[in-house]
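All remarks here apply to the structure that follows.
Atoms within a ligand are numbered from 1 in the order they appear, just like the ligands themselves. Residue numbers count from 1 along this sequence.
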Amino acid sequence: MTDQPHAHHATRDPHPAPGPHPAPGPHPALGPESDPGTGPGAGSAPDSRPGSDSASGADSPDYSAVVERALGALDLDTKARLLSGQDMWSLPAVPAIGLRSLVMSDGPIGVRGRLWSAEDPSVALPSPTALAATWDPELARRAGRLLAQEARRKGVHVLLAPTVNLHRSPLGGRHFECYAEDPLLTGMIGAGYVRGVQEGGVGTTVKHFVGNDAETDRFTVDNRIAPRPLRELYLAAFEHIVTHARPWGVMTAYNQVNGTTMTEHHHLVTEVLRGEWGFDGCNVSDWTAARHTVRALRGGLDVAMPGPRTVFGAPLAAAVRAGLLAETEVDAAVRRVLVLAARTGALDGVPPAVAPADVPQGIDGRAVAREVARRAVVLLRNEPPGQAPEEDAAPVLPLDAAALRRVAVIGAAARDARVLGGGSATVFPAQIVSPLAGLRAALPDGVEVAFATGADPRTRVPHARDGFTLSARYLAADGRLLAEHQQFDGRVQALGTLPDGVTRQNLHAVELTGSFTPRTSGTHTLAVAGSGRLRLTLGGTVLFDGEGAGQEGADPFEALLNPAERRIGADLTEGEELPLTLRFVPQSLGLGEGADALTFVLGHSEPQLDGDAEIEEAVRAAAGADVAIVVVATTEEVESEGFDRTDLRLPGRQDELVARVAAANPRTVVVVNSGSPVELPWRDEVPALLLSWFPGQEAGSALADVLLGAHEPGGRLPTTWPARLADAPVTTVTPTDGTLHYTEGPFIGYRAWQHTTTAPAYPFGHGLGYTDWEYECLDTTPDSVRVRLHNAGARAGREVVQIYLAPTGDTSAEPERPARWLVGFATVEAGPGESTETEIPLPARAFEVWSEPDGGWRRIPGTYTVEAGRSSADLRLAAQITAE
Ligand code: BGC
């Protein structure tokens, strides 16, 4: 009996099957940055074979001798201390063995560093749904290399990323921070990311292991997941990354799986992750997730974060002395911390996993951010303008800049782009290019750009920025200045680390002080927020003096990051500079007892028209323009960490805005600036519709690249986009009596949509480009699929070739499986009129199911159809194969 499927050849095209086609280099029209690594076939090849990885970051020297020597020099108390954070972000140093303090930082779109504030800016890449929408593990790898460079610049050894939980329900609040609804796509993008970061000599912690697929009651929820979906979906993404990219760390989740909290889950951590998959890295708890000294250590947890008060440290040493744990059990965890230190260069006298000379350097962060952002844009729809377009009329995009005189740019997010998702994924970029600024810069000089807010969905006043010059002064009780920093905006925040010279003991007040020069006359809205006493003075007048409104929300991180605001109206004159001070005396300085934490905010919004007048203004701008570009967005209040969504509607009056603008201008282009699906009820009324996701700091430049046709929008949906929440087959995120049953089993995402009678708005894998592709022929070999395709359009393009496997024949005796599932993909490029070919491996796992109840992967023999296409619903070629 062979373990491989029989090979067949099938074609819908008369062309004979060609031999391997020479891979054309990156086409000039695809942009100068096209990396040779993103050429034909590169999309999947590096990731396709277990153990095929030759990335320098994954293979580290054998550290056992040096680790044993270091371990032998440590006493029990020091060992126990080493397994607990010394503060929010780091482990203690042990100079006696040459061990420096290991520093960790979020993750995943940038490296925030020790400070949770804008003082130490970071490159902000697009969010994970955007990275996954590129369907390009090599691009993820390049993003990872840039992040390693950022980490090294900030003295960070371990990046708290990537997040590889799955898009089980579109209501998941951190959906934007996870890659996809499919475990293979998630695994391949995650593996690329891990490789890239570790090639730069920086560790990763793949998170949150496992089942943190929603936020409601995330600290306690018991997710009941049957063995098949657990193995075939949720663990599969981690398994792929662990076995292919060998991460140096994993972060265990807050939640329980099948009755055991993940920081104590001996079966999943020790038996599966370490035992079956051979994970040899360090297991770090999610922040505050470790709850029990003995159970956590026995379960396989190595490090409890943050500190200094955790269940490890002193309580761990005490547990050993009380005979509850053996010191050898502590040693096992310490060894793994020492290996992590050695790999990341924090153990003196030991070569790090990546020699300094091999660490990639000089990477241009802005260029990477811009490239990922434009490659992530998913063009959902691109039709000629008007309801009944003339035949052969060209689609609206790309815009012909030379033919434009007046462009209307509409939407609050067009001016204040939502570039990243909230919560721990927050970083503070040094600059942001908004869609408005990006388009203005890219359009020829003579083109007039008219901006109108149209509808502002934000329910919180944005952090004060434009027109403000601010610094934060940290003061002792006697008024002595302890520290002073320039501020990027009106949010003063420290989480885990207070500024140098400032301690919990000596800090009394913080003054946010400087000036404000209004850009318009009228009634401006100012807002103050923070848990403590707040006093706002503007131009010598006290505008607010009282207690802040306290903290909102049950999740402590969420409550700290988003204190409730108090608003004040102020009549101000354009151009008149006024001195400003917001003095804050915090109620307490800490997140629980452990970590130092401080947040207060000055908000500001410009004088606003009322809602009707704002929409009218936008309609007027659109009516007089050659094209109307509307940017619609979610807000921090509906899409962030710490809570789930309650619906998929665009907040505020944005739906009404789009419908009105589209009625006023047949050439309306809508850009959706969200991290995850939203309902788009007007989607068939606008000729062009794109997803920008949370596009990172270069949002506007990337958008202009794509709209004006300098580059193709390269993205494909990493998750199915429902027309309405009510249509989505899996939505539940709220536990009942503490338990959330994954009753849908292995059917999530497109696997579940295949069972519904309703079609989604846009299927998994969908995304258009600016050229046309003909799929010419498909060949199968026992372990791969070769696809030849032809660029039939007038310009160079990039295509994501997707391969699905569908069981055929009588499958009634087998466990129920989806109608088809993704088994591979690759990115190809070709110039106009050119053909290209790609070979995509067919992994053995594609033919296997996890057997219940005994466990183990079982190959299901039989006939299968191998399908190649542009999305899960647009399959162009098929061939039968037989698996024995
Ligand atoms: C998040 C993690 C994050 C950690 C540190 C937690 O609340 O779940 O993803 O790495 O905080 O910020």
Give the atoms of ligand 1, by number and element, whose distance to some non-hydrogen atom of [X] is under 4.0 Å.
| X | answer |
| --- | --- |
| R174 | 1 (C), 2 (C), 8 (O), 9 (O) |
| M251 | 10 (O) |
| Y254 | 6 (C), 7 (O), 8 (O) |
| K207 | 2 (C), 3 (C), 9 (O), 10 (O) |

So for E177, does at least one of its heavy atoms come nearer than 4.0 angstrom to any atom of ligand 1?
no
According to the interplanar angle, ranging from 0 to 90°, do the rings of H265 and H267 count as parallel (below 30°), tilted (30 to 60°) or perpendicular (above 60°)?
tilted
Under 4.0 Å, heavy-atom basis, I'd like to know which part of [X] is in contact with ligand 1: side chain, backbone, both or neither.
| X | value |
| --- | --- |
| W89 | side chain |
| M88 | neither |
| R218 | side chain |

Just by distance, do the side chain of [X] and the backbone of [Y] share a donor-acceptor pair under 3.5 Å?
| X | Y | value |
| --- | --- | --- |
| N223 | Y742 | no |
| K207 | D286 | no |
| N255 | D222 | no |

Counting only nitrogen or oxygen atoms and a 3.5 angstrom limit, does D286 reach ligand 1?
yes
Does the N or O separation between E641 and ligand 1 drop below 3.5 Å for any pair?
yes
Would you kindly say whether T220 and R291 are connected by a side-chain donor-acceptor distance under 3.5 Å?
no
Check the side chains of R418 and S674 for a donor-acceptor pair under 3.5 angstrom, ignoring hydrogens and angles.
no
Quick one: pull up CG in N283 and CG in L301 and give me the separation to the nearest 0.5 Å.
5.0 Å
